Asker: 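Before we start, here is the structure in question, set down as structure tokens.
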Amino acid sequence: MSKNREIAEIFENMADMLSIADENPFKIRAYKKAAVNILELREAIEDASARGELTQIPGVGKDLADKIREYVETGRMKEYERLQENIPLDTVDLLRIPGLGPKTLSLLFKGLGIRNAADLEKALDGPEILEFKGMGPKKIEDIRRGIALLRKSKERSRLGVVLPIGESLVEAVSRIPRTEGAILAGSLRRMRETVKDIDVLTISDNPPEVVEAFTSLRPEKDVLASGGTKGSVILQEGIQADLRVVGPESYGAALLYFTGSKAHNVRLRGLAQKKGLKINEYGVFRGDAMIAGETERGIYETLGLPFIPPELREDRGEIEAAMEGRLPDLIDLADIRGDLHTHTTWSDGKATIAQMADAAEGLGYEYIAITDHSPSQTIAKGLPIERLLEKKKELAEEAGKRKRIKVLMGTEVDIKMDGTLDYPDEILKGLDVVVASVHSGFKMDRDAMTNRIISAIRNPYVHAIGHPTGRLINEREPYDVDIDLVIGAAAEYGKALEVNGSYPRLDLNDLHVRKAVDAGVKIIISTDAHSTAQLLFMRYGVGTARRGWVEKKDVLNALPFGELYEWLKSGRG
DNA sequence: GCCGTTTTCGGCCCGACTGTTTTCAGTCG
């Protein structure tokens, strides 16, 4: 196991310590930048160190290279330890509270001796804190809210973080001798936007041996339980993983049971009872006789039901729909023919137009829209009109070279505070794809925000609203918006709403997107990719859409190019 | 702390928004 992650985390922590110590901001940035680049490094950092090529890592100069080498060789970093003597890691942790930055923390650290969360909470209740410059009642309330949000986020991790870890775990389990395949269950299989733990199910004729192998798979942080049929560990990543081992005859029953949701399973067991049957994690029983259990499909059949996809299993009406034969024909990842919200080096993306187009071709897409930011997004290098026109030229050249994929000229244009857009209509008119999004002024009141977004929907050149609620899972609440009115307006004006597949967003969420398709609104499932790798976020978007009962016919980027293009052109004065 | 023929010192992304102010500091992206 390479030490890339550890070293990146150390530099990240050091940057935070330096920021609390009020150090040179550029030095702080240097540490952070190095951390990011180390995390993205394609090889084990020990190898680069052994070759003496650490300084070839971007952002790593002589000093940081020395520190990395010291850590690789000794497992320690003196400077890091020295910093911790002044500023403990508990204090650094407080920076993760949204609304509490280094300046305020430094003030409280020095002035009130606040070193950890307990100190902070006590101080927030006391009167002394108001003595400090810049501290007022609203700020204190902000920090309190931030603490609550952080607490919530600690319980559940984001889908896009955990799913890859779960998949590699499944692979590892399937390589354990005497197992027959392995599969993810639980909320991960249901593609919930956040998950608490990883559930893995496998088949074996010797469960205890498999559990034993599982708990010693990797140098796991902690073994919570290790028994005859199930084992439970805390992975290095800090996430709990449970393994259940069953015989082949019970595989379907166990999968159903451990996939949940609990509410769905309770309903199924109720149905079974009425038929004189009993369902448990080993099978379906009539008296003592087991009549199903090998497959999930077989179990649903004994209840007179068709197979219900995992994403629907929330007891949100799927059982009634199944009984009445009106389950949705859910969109599949394979139905997706293109990505309509992506960024490139023209604004804040990491890849060029050509690289993004190549990657999209590699995914078998028919089209990709390049939608860089508009000028208000200065931090994201949003494009002034002259740059937009330059980009248009490059994109046209790039598009001209390609036979297999259509490269569309687009923008993610900012919806400004007053509801107008960040480019004039005559510019928007000349673009193939216009996604309009809110990136500023998140604290507007509900009416103002709703009207702001509806103003954008009314613009004849806007095709879709990007990440319509602005939330960042575990980081930022959605802005206050009446989503029903937005959906109504989208339906009225024939505009699409986005399901943004970037896993911190997943916005619209499952419930909202279901409302949207119920109202007849078209959906665009996009990745908002800022790199070629992020084009793979599509599966999170599709998972969220499936949880929202979205069918292929609802999704614009499941259309063949000709039909999509017709839609894009329609209704534009 | 990093970086580089506008180089070995002097930059390094910066504007919007908020809450606290009475001209600005802190946070965010």
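Just so it is clear, the structure is predicted and the values come from calculations on it, not from any experiment. The chains referred to below are lettered A, B, ... by the order of the sequence lines, with proteins before strands, and numbering in each begins at 1.
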Asker: Starting at atom CD of A:Gln56, determine the distance to atom C1' of B:dC2, rounded to an integer number of angstrom.
Answerer: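 Atom CD in A:Gln56 sits about 15 Å away from atom C1' in B:dC2.
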
Asker: What parts of residues 60-67 of chain A reach DNA chain B, counting only heavy atoms under 4.0 Å away?
Answerer: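 Contacts with DNA chain B under 4.0 Å: A:Val60, A:Gly61, A:Lys62, A:Asp63, A:Leu64, A:Lys67.
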
Asker: Between A:Lys522 and A:Asp554, does at least one N-O distance fall below 4.0 Å, as a salt bridge requires?
Answerer: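 No, no charged N to carboxylate O under 4.0 Å.
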
Asker: Mark yes or no for a side-chain to base donor-acceptor pair under 3.5 Å between A:Asp142 and B:dG19, with no hydrogen or angle criteria applied.
Answerer: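 Side chain to base: no pair below 3.5 Å.
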
Asker: Once you round it to whole Å, what is the distance between P of B:dG11 and CZ of A:Phe26?
Answerer: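 So the CZ-P distance, A:Phe26 to B:dG11, works out to 10 Å.
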
Asker: What does B:dT8 pair with, Watson-Crick or G-U, if both distances are under 3.5 Å?
Answerer: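 Partner of B:dT8: none.
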
Asker: What integer distance in Å separates A:Asn24:CG from B:dC9:P?
Answerer: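 Those two atoms, CG and P, are 18 Å apart.
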
Asker: Identify, with sequence neighbours excluded, every residue that meets ring pair (Phe, Tyr, Trp, His ring centres under 6.0 Å) alongside A:His512.
Answerer: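 Ring pair (Phe, Tyr, Trp, His ring centres under 6.0 Å) check on A:His512 returns nothing, list empty.
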
Asker: Would you measure the distance from the P atom in B:dG10 across to the matching atom in B:dG15 and give it in whole Å?
Answerer: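 Per the computed distance, 24 Å lies between those P atoms.
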
Asker: Verify salt bridge (Lys or Arg N to Asp or Glu O under 4.0 Å) between A:Glu81 and A:Lys78, making sure each step is shown before the conclusion.
Answerer: CA-CA 5 Å; A:Glu81 291 168 13; A:Lys78 289 216 185 70; over 6 Å; no

Asker: Go through A:Thr527 and A:Asp339 one step at a time and tell me if the side chain to side chain donor-acceptor pair (under 3.5 Å) criterion holds.
Answerer: CA-CA 7 Å; A:Thr527 63; A:Asp339 203 326; 2.7 Å; yes

Asker: Between A:Ile28 (CD1) and B:dG1 (C1'), how many Å, whole number?
Answerer: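 Interatomic distance, CD1 of A:Ile28 to C1' of B:dG1: 11 Å.
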
Asker: Please say whether more than 12 non-hydrogen atoms of neighbouring residues, nucleotides or ligands are located less than 6.0 Å from CZ in A:Arg76.
Answerer: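 Atom CZ in A:Arg76 is not packed in, count stays at 12 or less.
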
Asker: Just how far, in rounded Å, is P of B:dC17 from OH of A:Tyr479?
Answerer: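 Spelled out: OH on A:Tyr479 to P on B:dC17 is 14 Å.
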
Asker: Do we get A:Lys32 above A:Phe11's six-membered ring, with its NZ or CZ under 6.0 Å from the centre and within 45° of the axis?
Answerer: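 Not satisfied by the 6.0 Å and 45° rule.
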
Asker: Do any pairs count as a salt bridge (charged side-chain N to carboxylate O under 4.0 Å, His left out) and have a residue in residues 349-360 of chain A, sequence neighbours left out, and if so which ones?
Answerer: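 Only A:Glu40-A:Lys350, A:Asp358-A:Arg402 qualify under salt bridge (charged side-chain N to carboxylate O under 4.0 Å, His left out).
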
Asker: Take atom NZ of A:Lys32 and atom C1' of B:dC13, then tell me their distance rounded to the nearest Å.
Answerer: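 Answer to the nearest Å: 16 Å.
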
Asker: Only one of A:Asp422, A:Ile385, A:Leu421 passes side-chain contact (heavy atoms from CB on, under 4.5 Å) with A:Ile427; say which it is.
Answerer: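 Output: one option passes, namely A:Ile385.
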
Asker: In whole angstrom, give me the gap between the P atoms of B:dC12 and B:dC17.
Answerer: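 About 24 Å, rounded to a whole number of Å.
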
Asker: Which value, in whole Å, describes the distance between the P atoms of nucleotides B:dA16 and B:dT21?
Answerer: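 Per the computed distance, 24 Å lies between those P atoms.
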
Asker: Using heavy-atom distances to pick each residue's nearest nucleotide on DNA chain B, tell me which of A:Ser376 and A:Pro58 is more 5'.
Answerer: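 Upstream on the strand: A:Pro58.
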
Asker: Need to verify one output field. Residue with the more 5' nearest nucleotide on DNA chain B, A:Lys27 or A:Ala380?
Answerer: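 Whichever sits nearer the 5' end wins; that is A:Lys27.
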
Asker: P atom, B:dT20 versus B:dC3: distance in rounded Å?
Answerer: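 Their P atoms lie roughly 40 Å apart.
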
Asker: Which whole number of Å gives the distance between the C1' atom of B:dT8 and that of B:dC2?
Answerer: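 That atom pair is separated by 12 Å.
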
Asker: Counting any heavy atom closer than 4.0 Å, what does A:Lys443 reach on the DNA or RNA strands: base, sugar-phosphate only, or nothing?
Answerer: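 Here A:Lys443 touches the backbone only, sparing every base.
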
Asker: For atom C1', what is the distance between B:dC9 and B:dC24, given to the nearest Å?
Answerer: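 It comes out at 31 Å once rounded to the nearest Å.
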
Asker: Honestly, is A:Arg476 close enough over A:Phe442, meaning NZ or CZ under 6.0 Å from the six-membered ring centre and within 45° of the axis?
Answerer: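 Relative to the ring axis of A:Phe442, which defines the angle, A:Arg476 lies inside both limits.
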
Asker: Could you encode protein contacts along nucleotides 20-29 of chain B as a string, one character per nucleotide from 5' to 3', using B for base contact, S for sugar-phosphate-only contact and - for no contact, with a heavy-atom cut-off of under 4.0 Å?
Answerer: S-----SSSB

Asker: Take atom C1' in B:dT6 and the same atom in B:dG1, then report the distance between them in whole Å.
Answerer: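 The answer is 22 Å between these two C1' atoms.
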
Asker: Quote, to the nearest angstrom, the C1' distance that separates B:dT22 from B:dG29.
Answerer: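 That atom pair is separated by 28 Å.
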
Asker: For residues 130-143 of chain A, dump all side-chain donor-acceptor pairs below 3.5 Å to protein atoms at least two apart in sequence or in another chain.
Answerer:
| from | atom 1 | to | atom 2 | distance (Å) |
| --- | --- | --- | --- | --- |
| A:Lys139 | NZ | A:Thr104 | OG1 | 3.4 |
| A:Glu141 | OE1 | A:Arg144 | NH1 | 3.2 |
| A:Asp142 | OD1 | A:Arg145 | NH2 | 2.6 |

Asker: CE of A:Met14 versus P of B:dG1: gap in Å, rounded?
Answerer: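 From A:Met14 CE to B:dG1 P: 8 Å.
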
Asker: Suppose we screen for side-chain contact (heavy atoms from CB on, under 4.5 Å). Which residues come up paired with A:Asp119, at least two apart in sequence or across chains?
Answerer: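 Testing A:Asp119 for side-chain contact (heavy atoms from CB on, under 4.5 Å), a comparison that skips the adjacent residues, returns A:Ile114, A:Arg115, A:Asn116.
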
Asker: In whole Å, I'd like the distance from the NZ atom of A:Lys381 to the C1' atom of B:dC14.
Answerer: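 The answer, rounded to whole Å, is 14 Å.
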
